[in-house]
Amino acid sequence: MFYRIKDELADCLQARLAEAFGVSREQYRIQVQYPARLEFGDFGVSFPFELAKVLRRSPQQIAQQFLDGFRAPAYVRRIDTAGGGYINFAVDRWSLFLDAVRALRSGRLWPEFEPDAGKTIVEHTNINPNKAAHIGHLRNAILGDSLVRLLRFNGKRVEVQNYIDNTGVQVADVVVGFLHLEHQGVAEVAAIEGRFDYLCWDLYARVARFYEASETNARLRGEVLHQIEAGDNAVAELADLIATRIVNCHLDTMERLDIRYDVLPRESDILHLHFWDTAFAQLKARGAAELETVGPNAGCWIMRYQKDGQEDTKILVRSNGTVTYTGKDIAYQLWKIGRLDKDFHYEPFRAYDDGHTVWASSSAPATADASDLQPPRFGAGDRVFNVIDARQAYTQNVVFEGLRRLGYTDEAERSVHFAYEIVALSPRCAQELGSELSDEDRQRAHVEVSGRKGLGVKADDLLDRLEEKARREVDVRNPDMAPDQAARTARDIAIGALRYFMVRYSRKALIVFDFDDALNFDGETGPYLQYSAVRARNIGVKYREHYGLGEAEAAAALDGLLAAAAVELPDDVWDLLTQALKLRDAARASLAGQELAAFAKYLYTLAQRFSNFYNKHRIIGEEDPVWRLVFLAVVHIYYQGMQQGLDILGIPIPERM
RNA sequence: GCGCCCGUAGCUCAGUUGGAUAGAGCGUCGGACUACGAAUCCGAAGGUCGCAGGUUCGAGCCCUGCCGGGCGCGCCA
C-alpha cells in the first residue's frame, strides 16, 4: 500500500510542478525517494537541484516557490526543506496506520497486481542428465524458481521449462562407461537399484580418465554419440534409459526444495522433429544464413553480424552438414518465443503429489488410449527468461542476434538472458571433498566445480548435511517435539538456509562455496527470517490464548482501534510498519531490476526490524489497551508480509523451531 | 589480441540506476534470559569505496587511462 501513496504523491507533485513552473511530465519526471534518515520524513524529492540550471534560480528559491500555494495530500502532515534544496514529506502516522488496519481487516494489505494477459516462460535448471545435481545447479534452479515466484506475485502467468539435453556428449560419456567399463547394457542398467545419479557421478569421472588412457578409448565417444543421434538402436535406447532415470533423480532433488516444472523439452525431440530445418529455411529466406565459399569456413553456412562496429561470423552448419550448438539454440529460442512454425508432441512425464503434471516433449503424438490428459499449449511465450550462467553470455547474444537477423527485433528484446555467476569451491572445501589439488589450484582463491573430475558438492549431500545440522539444533531447543515434527522442521530449516544462501548474493557475485558459510543459521540467513516469522505467529497465538479470544474475536478487537484516540507511533514501530507495507514496492523493484538479492535484502531488513521491535516491547503484557492492540496489529501486518515474502523466496515457515 | 564482469571494514557481501553522516552479516571485545522461546537483542572497535584524472551543485555509482582478479571468444557441446 505504500507504493500507492508514493505514486499518488508523485502525481500531486508533478501537477504542482506544471502549475508553478510550466514544466510538464514529459520534460521532467519527478522521482520520489525514501530519505536516507527517518528524521527527514517518509518521502523526499531533490528536483530543485536538478532544475536549478534550467529554471535559472537557486534550489532554495525553487523549493520555496514550489511550496507556496502547494496543496499537499491529506495524509501529509509535515513538509520540510533541507540541505539547501531537498523537500521532505512526513505522513500522518496514525491515519496511515488506521488505513493499514482496515486493509488488514479486509484482507487487502497487498492488493493483487493487474493480471498480465501474456505468458512468461522461465527456463531453468537444464542439468545435463548424466550425473547427480551439484551446488552450481542449485544456484540455477533456486534463482530460476524464485524468479518464477516473483513473476507470479507480480501478476504474471508463468510457464516453467527445464530443457533436457539427452543426446549430448555428456550422456554419451556415461553410455560409454556402462558399455565399456561396466560391460552393462539396457537390461542390467535398468535393474540397478539405489542412487543412480550418484553411481553415474563416479562413472562419469572414471570415463574421463578412460579417455585419457588411449586414443582408441577416446574415439568411442564419437561413435556412441553418432548412434544416439541416429536413434532406433540399442545404444540410443541405453542413452534414453540413463537420461530418463537421471532426470527423475533431478526432479526428486528439486522437489525437496519445492521446485517444480511444467514441461521438459528434450533435445532428442528437437532433432527428430527437425526444428532446425524449419529455422534454417527461415534463416536462408531472410538472408541471415549464408553459404561461405572462400576462406577457412568454406562449405559452412554462417551468420554474419555486427558487434561493436566489427563484423563477426558464427558457423551454423558445418561443412559436413551437421548443425552447431548455436544453430540448434536459435531454433529452440524461436520455438520459445513463438516464431517457429512447429511444435512438439507431449506426454505426461510424472505427476506431483498435488496432481500437477510435468509434461515431457515427445516425437510422436500420444496414442489415444495412453492418457485422457490433454497437454496445455506450451512454448510461444510473450517473454522468455533463460536462466543460464554468465559464461554463456556470448552464445546467448549470438542467439538473440539470430532473432534480430530474422526480423524479430521485438522477440529478441523480450528474450532475456538471466545470467548469474557460477558457484566455485574454496580450495579448502575442494580438499575436504577429497580432491587432490595442483599447486596452481592451491594458490587460487577458488576452484571450479568439475563433473569430469568428479569434483563438487552434490545437491542431495548438501541438503542432507543441512537437515542433520538443523535437526541437532531443533532437538536441543525442543526436546519434547515429536520425531516426525522435528524431522519436518529440520527439513524446512534446511530449505530456508539453502534457498536464502543462493539468493542473497547478487547475480554478478561469484559464490565461493564453503560449508561453514552455507551451514550457518545465524545472522543474515534463511533461518533468521523463519525464526522471526515463527515468533510473530506464536505471539499472535499466545495473545489469543492469554485473553481467551478466538481468531475472529482477536481480529475484531482490532476494530476498536478505529475509534480510539490517536497515539504517536514511535520510530521503531513506524520503521517496522512502513517496511512491511513496502512489500509490493520491493517486489516490483526487484523484478524491474531483475535482481532477486534486492528482494532477499528487503525481507531481511524487515525481519531485523521485527526482531528489534519484539525485543523492545512487551506485546501481550502491555497494560494500555490501545497500545496493546497497536502492537498486535503491527505483529499481524508483519506476519502477513513475511508469509508472502518468504513464499516468493520459496522458504517455508515451520510451526516451531 | 578482442569482448564482458568484478575490485567497498580482518572475511563474505549490500549500496534504491547521480543525492543528505557509505550499510549489513560473520569474526573480535563488552553487555541483556527463573522467557510474548536468546537460532534473538543492545553497544564498541573496524573505511583514502584499487590508483590517477575528468564531468557535475553533488560521484562508491557516469567518462578516460592505468593496476589487479575472474570469465568468454572452436567446423566442442
Side-chain angles (χ1 to χ4, degrees), chain A residues 31 33-37 40 44 46 49-50 52-53 58-59 82-86 88 128 165 167-170 172 225 267 292 296-302 307-308 310 312 315-320 322 324-326 328-329 389-395 397 419 421-422 424 444-446 448 470 473-474 476-478 493 504-506 508-512 514 516-517 520-525 527-528 530-532 534-536 538-543 545-546 585-586 589-590 592-593 597-598 600-602 604-605 608 611-622 631 635 656-657:
Chain A
Q31 296 283 337
Q33 301 165 326
Y34 299 122
R37 303 169 65 189
F40 291 146
S46 57
F49 288 108
E50 286 152 56
K53 191 167 278 179
S58 76
Y86 293 101
N88 294 320
N128 274 307
D165 184 5
T167 57
V169 287
Q170 303 227 25
L225 192 57
E267 173 83 7
E292 186 70 291
N297 296 338
C300 298
W301 285 87
I302 59 156
K307 203 183 80 181
D308 308 311
Q310 290 187 329
D312 207 345
I315 292 167
L316 301 176
V317 181
R318 302 182 190 97
S319 54
N320 67 6
T322 55
T324 63
Y325 182 82
T326 314
K328 280 186 280 196
D329 229 16
D389 77 64
R391 293 175 300 188
Q392 305 269 7
Y394 174 73
T395 315
N397 279 330
E421 265 297 341
I422 58 166
R444 287 168 165 261
H446 53 83
E448 200 175 333
E473 304 279 344
V474 170
V476 167
R477 281 161 239 257
N478 306 278
I493 292 169
R504 60 175 288 203
Y505 302 96
S506 68
K508 285 174 183 172
L510 180 121
I511 298 180
V512 180
D514 205 290
D516 290 347
D517 297 331
N520 182 28
F521 295 163
D522 299 325
E524 193 189 339
T525 66
Y528 177 95
Q530 294 172 306
Y531 182 74
S532 78
V534 168
R535 291 298 302 275
N538 286 351
I539 288 171
V541 170
K542 286 271 166 58
Y543 190 101
E545 283 173 8
H546 190 269
D585 281 79
S590 171
K601 217 77 185 175
Y602 157 79
Y604 174 64
T605 304
Q608 263 185 322
S611 299
N612 170 286
F613 165 79
Y614 81 74
N615 268 283
K616 197 164 160 186
H617 300 281
R618 293 278 165 278
I619 292 148
I620 295 170
E622 170 60 45
F631 291 154
V635 171
R656 295 178 57 194
M657 65 185 282

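Within every chain, numbering begins at 1; the chains are lettered A, B, ... in the order of the sequence lines, protein sequences first and strands thereafter. All values reported here derive from a predicted model rather than from experimental measurement.
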Which base sits across from B:G27 as a Watson-Crick or G-U pair, both distances under 3.5 Å? none

Looking at every strand, decide which applies to A:Val476 at a 4.0 Å heavy-atom threshold: base, sugar-phosphate, or nothing. nothing

If you check the A:Asn520 side chain, which of B:C26, B:C75, B:A20 turns out closest? B:C26

At less than 4.0 Å, is any side-chain N or O atom of A:Asn538 found next to OP1 or OP2 of B:G37? Yes or no. no

Identify whether any heavy atom of A:Ala536 sits under 4.0 Å from a base atom; if not, whether one sits that close to sugar-phosphate; answer base, sugar-phosphate or nothing. nothing

With heavy atoms under 4.0 Å as the rule, sort A:Arg618 into base, sugar-phosphate or nothing. base

Mapping A:Asn615 and A:Ile620 to their closest nucleotides on RNA chain B, which lands nearer the 5' end? A:Ile620

A:Val534 side chain, from C-beta outward: closest of B:G37, B:G25, B:C41: B:G37

Residue A:Tyr394, side-chain heavy atoms: nucleotide from B:C73, B:G37, B:C41 that is nearest: B:C73

Separation of B:C36 P from A:Glu622 CD (nearest whole Å): 14 Å

Please classify B:U17 as syn or anti, treating any glycosidic angle within 90° of 0 as syn. syn

Is A:Ile493 touching bases, backbone alone, or none of the nucleic acid, heavy atoms closer than 4.0 Å? base

Proximal nucleotide (of B:A20, B:C5, B:U16) relative to the A:Lys508 side chain: B:C5

For a quick check of understanding: with a heavy-atom distance under 4.0 Å over all strands, which category does A:Ala509 fall into, base, sugar-phosphate or nothing? sugar-phosphate

I'd like to check, for A:Tyr86, whether its ring lies over the base of B:G19 with centroids under 5.5 Å apart and a plane angle smaller than 30°. no

Using a heavy-atom cut-off of under 4.0 Å over every strand shown, decide if A:Lys53 touches base, sugar-phosphate, or nothing. sugar-phosphate

Please tell me which of A:Ala592 and A:Ile619 maps to the more 5' nucleotide of RNA chain B, matching each residue to the nucleotide holding its nearest heavy atom. A:Ala592

Between P of B:G25 and CZ of A:Phe521, the distance in whole Å: 19 Å

Between the base of B:C75 and the side chain of A:Thr324, is there any donor-acceptor pair under 3.5 Å? no

A:Arg477 has its side chain closest, among B:G37, B:A20, B:C36, to B:G37

What is the separation between atom CD on A:Gln608 and atom P on B:A39, rounded to the nearest whole Å? 16 Å

